[in-house]
Structures are given as C-alpha cells and as structure tokens.
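Structure, as structure tokens:
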Amino acid sequence: MFTGIIESLGIIEEIEKENDNLNITLFSKITSELKIDQSVAHNGICLTVVKINNDFYTVTAIKETIDKTSIGNWKKGDLINLERAMKLGDRLDGHIVQGHVDQIGICKEVKETNGSWLFTFKYDKSLNNITIEKGSITINGVSLTVVNSKSDEFSVAIIPYTFENTNFKSITKDTVINLEFDVIGKYVAKLHLK
C-alpha cells in the first residue's frame with residue numbers, strides 16, 4: 001500500500017529487454033535505503049527491487065505491466081516519481097493507493113493559472129473506471145483531487161511544490177500517464193453498473 005505522496009524522483013539509467021520483461025535501472029537519492037525484494041511505486045506502478053549497485057537499483061516489469069501502463073514508453077533519462085510502501089502506523093497524507101495501475105490516460109491540456117497549473121486528462125471510459133468530483137485520483141503515483149469530472153476526462157490542480165518535486169514538470173499535451181482510480185470510486189462504479 002502507498003499514499004500517493006511522492007518521496008523522491010528517480011532517473012532512468014538503462015532499460016534492458018529480457019524475453020517479455022523489461023529490466024529498468026534507475027538512479028535515486030533513496031537507493032541506499034532500499035532492499036532487495038522491497039516494493040516501490042514507480043509512476044504509480046508497484047515494482048520489486050531485484051538488484052542494487054551503489055546509487056543504482058533495478059526493477060523488472062512483466063508483460064502484463066507493460067501492456068497496461070505507460071512503462072513501455074519510458075526511456076533513458078526520464079524522471080520517475082518514487083514512493084516506498086507506507087509503514088503501518090504512519091499518517092495517511094494522500095489516500096489509499098494500491099500501486100496497481102487501472103489504465104493509461106493522455107494529457108489533453110496544461111493551463112498555467114495564477115500561481116498553479118490545471119492539467120486535463122482524457123481516458124478510455126469503456127474500461128468502466130470513473131472519477132468523482134472532489135474525489136481522489138492517482139496520476140503517475142501522485143495522490144490528487146479531481147475537478148471538472150466528466151465521463152472520459154477530468155482535471156487536477158497542481159501547486160508549485162508538487163510541480164517542482166514530481167515529474168508533472170515534464171508532462172505536456174499528449175503525454176501518456178498512469179491512472180489508478182480511487183478504490184472507493186471503483187466500488188461506486190461497480191454498484192452503478194449492477
């Protein structure tokens with residue numbers, strides 16, 4: 001379990017294809033605190049640390065993850081939002097995040113407002129995921145509040161701190177992002193579909 005509060009940024013050093021898998025090596029300030037077998041959310045994708053070498057560590061993504069997330073679009077030098085699993089008893093500053101991406105979305109528009117940014121994202125509504133006005137959404141692992149909720153798109157407001165300390169600074173029109181819909185919203189959607 002995660003909270004959607006980004007701890008650090010990682011930089012992709014290498015991506016190596018091995019059969020249907022991708023082995024991704026990243027540089028991060030938190031590498032020295034990681035352990036083999038530890039779960040870390042990478043742009044909202046829960047991946048297991050399989051190797052550590054000085055300031056670099058490696059995770060492996062299987063075909064299922066590659067097919068359902070933006071990970072296949074990642075390249076050397078990309079900034080990746082990182083969050084280690086929460087500790088039992090910690091404050092839940094964001095919301096309950098599982099690290100299981102539901103689907104990808106695409107940035108439709110970025111508007112700079114007076115001191116913040118409004119990002120609008122579009123997603124495939126045929127997968128039966130929904131957003132709820134003022135509900136939670138996880139974008140690339142970041143816990144955010146939904147505004148302007150529609151059946152296939154929504155917006156989020158990004159404050160300067162979040163912009164500077166996550167990879168939102170590199171999201172532009174047409175950028176593919178990972179979405180994890182609020183677990184409560186998923187439950188509401190299931191009830192609605194019955």
Side-chain angles (χ1 to χ4, degrees), residues 1-10 30 39-47 64-65 68-71 79-113 115-173 175-194:
M1 287 293 200
F2 304 92
T3 66
I5 304 299
I6 301 308
E7 204 174 334
S8 184
L9 287 168
I30 64 169
S39 295
V40 179
H42 296 73
N43 277 2
I45 307 165
C46 180
L47 298 169
E64 170 85 2
T65 303
K68 291 193 174 178
T69 69
S70 68
I71 208 166
L79 288 176
I80 304 298
N81 294 326
L82 302 176
E83 181 190 359
R84 288 178 286 177
M86 68 180 192
K87 294 177 188 171
L88 199 58
D90 279 358
R91 286 189 181 91
L92 184 60
D93 291 324
H95 72 281
I96 296 171
V97 176
Q98 296 177 302
H100 304 154
V101 173
D102 293 306
Q103 64 183 94
I104 58 168
I106 297 172
C107 183
K108 183 177 167 185
E109 180 181 44
V110 180
K111 267 192 208 170
E112 193 168 344
T113 58
S116 62
W117 292 262
L118 189 70
F119 285 76
T120 301
F121 297 97
K122 198 161 191 49
Y123 64 94
D124 180 358
K125 68 179 180 180
S126 72
L127 297 176
N128 296 322
N129 291 306
I130 64 166
T131 58
I132 299 169
E133 191 72 21
K134 305 293 186 262
S136 296
I137 187 77
T138 306
I139 301 171
N140 278 356
V142 182
S143 172
L144 297 162
T145 302
V146 172
V147 295
N148 304 325
S149 177
K150 298 180 182 168
S151 66
D152 65 347
E153 72 177 57
F154 66 93
S155 299
V156 292
I158 302 297
I159 62 172
Y161 180 86
T162 304
F163 190 83
E164 288 303 319
N165 291 284
T166 68
N167 64 10
F168 265 89
K169 60 181 159 268
S170 60
I171 296 175
T172 58
K173 187 177 187 299
T175 298
V176 177
I177 49 92
N178 293 318
L179 294 172
E180 181 181 326
F181 292 81
D182 185 11
V183 71
I184 296 168
K186 291 180 203 177
Y187 178 72
V188 170
K190 264 189 174 175
L191 289 177
H192 186 271
L193 292 172
K194 287 185 177 183

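This structure is a prediction, so every number in the text was calculated from the model and none was measured.
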Would one find more than 12 heavy atoms of other residues, nucleotides or ligands at under 6.0 Å from atom NZ of K111? no

Grab the two heavy atoms, one from L118 and one from S155, that are nearest each other, plus how far apart they are. CD1-CB, 4.0 Å

Rounded to the nearest 0.5 Å, what separation is found between the CD1 atom of I177 and the CD1 atom of I106? 8.5 Å

If we ignore hydrogens and angles and just use 3.5 Å, is the side chain of N140 paired with the main-chain N or O of N178 as donor and acceptor? yes

Separation of I80 CD1 from L9 CG (nearest 0.5 Å): 9.0 Å

Of all residues at least two apart in sequence or in a different chain, which pass the side-chain contact (heavy atoms from CB on, under 4.5 Å) check with K68? E64

Kindly state each residue pair satisfying salt bridge (charged side-chain N to carboxylate O under 4.0 Å, His left out) with at least one member in residues 141-151, sequence neighbours excluded. K150-E153

For Q98 versus C46, what's the shortest heavy-atom pair and its separation? O-CB, 4.5 Å

Within the 4.5 Å heavy-atom criterion, are E180 and V101 side-chain neighbours or not? no

Determine whether the aromatic ring centres of W117 and F168 lie less than 6.0 Å apart. no

Spatial distance of atom CE (M86) from atom OG (S39) [nearest 0.5 Å]: 13.0 Å

Taking all atoms of both residues into account, what is the closest heavy-atom pair of C107 and T172, and its distance? CB-O, 3.3 Å

Could you pull out all residues at least two apart from K173 that satisfy side-chain contact (heavy atoms from CB on, under 4.5 Å)? none

For N165, which residues count as a side-chain contact (heavy atoms from CB on, under 4.5 Å) partner, sequence neighbours excluded? Y161

State, to 0.1 Å, how close T145 and V156 come at their nearest heavy-atom pair, and which atoms those are. O-CG1, 3.5 Å

Do N129 and Q103 meet the criterion of a side-chain donor-acceptor pair at a distance under 3.5 Å? yes

Going from CG on L82 to CD1 on I6, what distance comes out if it is rounded to the nearest 0.5 angstrom? 7.5 Å

Would you say the side-chain atoms of N167 pair up with the backbone N or O of L79, donor to acceptor, closer than 3.5 Å? yes

Roughly how far, to the nearest 0.5 Å, is CG of D182 from CD1 of I130? 9.5 Å

Residue list, side-chain contact (heavy atoms from CB on, under 4.5 Å) with T162, at least two apart or on another chain: V142, I158, I159, T166

Can you tell me how far OG of S151 sits from OH of Y123, rounded to the nearest 0.5 angstrom? 6.5 Å

Side-chain donor/acceptor pairs under 3.5 Å, residues 131-138, sequence neighbours excluded:
from: T131; atom 1: OG1; to: S149; atom 2: OG; distance (Å): 2.6
from: E133; atom 1: OE1; to: N148; atom 2: N; distance (Å): 3.1
from: E133; atom 1: OE1; to: S149; atom 2: N; distance (Å): 2.8
from: E133; atom 1: OE2; to: N148; atom 2: N; distance (Å): 3.1
from: T138; atom 1: OG1; to: H95; atom 2: NE2; distance (Å): 3.2

Can you label the angle between the F154 ring and the F121 ring as parallel, tilted or perpendicular, going by 30° and 60°? tilted

